[in-house]
Amino acid sequence: QVQLVESGGGLVQAGGSLRLSCAASGRTSSRPAMGWFRQAPGKEREFVAATLWSAYDSYYSDSVKGRFTLSRDNAKNTVYLQMNSLKADDTAVYYCAAARLLSTEEADYDTWGQGTQVTVSS
């Protein structure tokens, strides 16, 4: 079993930055892929970014490419999502998730954190 805990959300002005963290515990080797998704009010949850613990492969959605960056600290079992040049459209609850394979598909992720709210004021 893998457990995920997100942190780092908050309120920021448009153009600002936030860094989200996702701390994993348990059998992280069973879920080598880590992804971030978000859900805005009244909208479906959407893919944001994903990476592997053991490699530098990363995927980003077109809406965040060039603004958001993934990194990880394997010693701490933590994945970070650095979010720069934030826009009002980035306002959402951000979820960290784990999967057996690197994917942009929500259905491939079977372990989820509780989510952290990001609010960008315009």
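These values consider heavy atoms only, across backbone and side chains, with no hydrogens, waters or symmetry-generated copies. If you read the sequence from its start, that first residue is 1, and numbering goes on from there.
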(message) Return the SG to OH distance between C22 and Y80, rounded to the nearest 0.5 Å.
(response) 10.5 Å

(request) Ignoring hydrogens and angles, tell me if any N or O in the side chain of T51 forms a donor-acceptor pair with the backbone of D57 under 3.5 Å. (result) yes

(request) Decide whether S121 and Q13 meet the rule of one side-chain donor and one side-chain acceptor closer than 3.5 Å. (result) no

(message) Taking the ring of F37 and the ring of F47, is the distance between their centroids below 6.0 Å?
(response) yes

(request) Using distance alone, with no hydrogens and no angle criterion, decide if T78 and D73 have a side-chain donor and acceptor under 3.5 Å apart. (result) no

(message) Strictly distance-based, threshold 3.5 Å: is any side-chain N or O of T28 a donor or acceptor partner for the main-chain N or O of S25?
(response) no

(message) Before you tell me yes or no, could you show the steps for K87 and S63 under side chain to side chain contact (heavy atoms under 4.5 Å, CB included), namely the whole-Å CA-CA distance, both residues' side-chain angles and the distance that decides it to 0.1 Å?
(response) CA-CA 10 Å; K87 308 174 183 178; S63 61; over 6 Å; no

(request) Measure from the side-chain N and O atoms of T91 to the backbone N and O of V120, and report whether any donor-acceptor pair falls under 3.5 Å. (result) yes

(message) To the closest 0.5 Å, what do you measure between OG (S58) and CZ (R72)?
(response) 6.5 Å

(request) Look at atom CD of E44 and say whether more than 12 heavy atoms of other residues, nucleotides or ligands are closer to it than 6.0 Å. (result) no

(request) Look only at the side chain of Y109 and the backbone of S103, and say whether a donor-acceptor pair between them is shorter than 3.5 Å. (result) yes

(message) Can a donor-acceptor pair be found, under 3.5 Å and without considering hydrogens, that links the side chain of Q82 to the backbone of T69?
(response) no

(request) State yes or no: do L81 and L102 share one hydrophobic cluster built from I, L, V, M, F, W and Y residues joined by side-chain heavy-atom distances below 4.5 Å, directly or via other members? (result) no

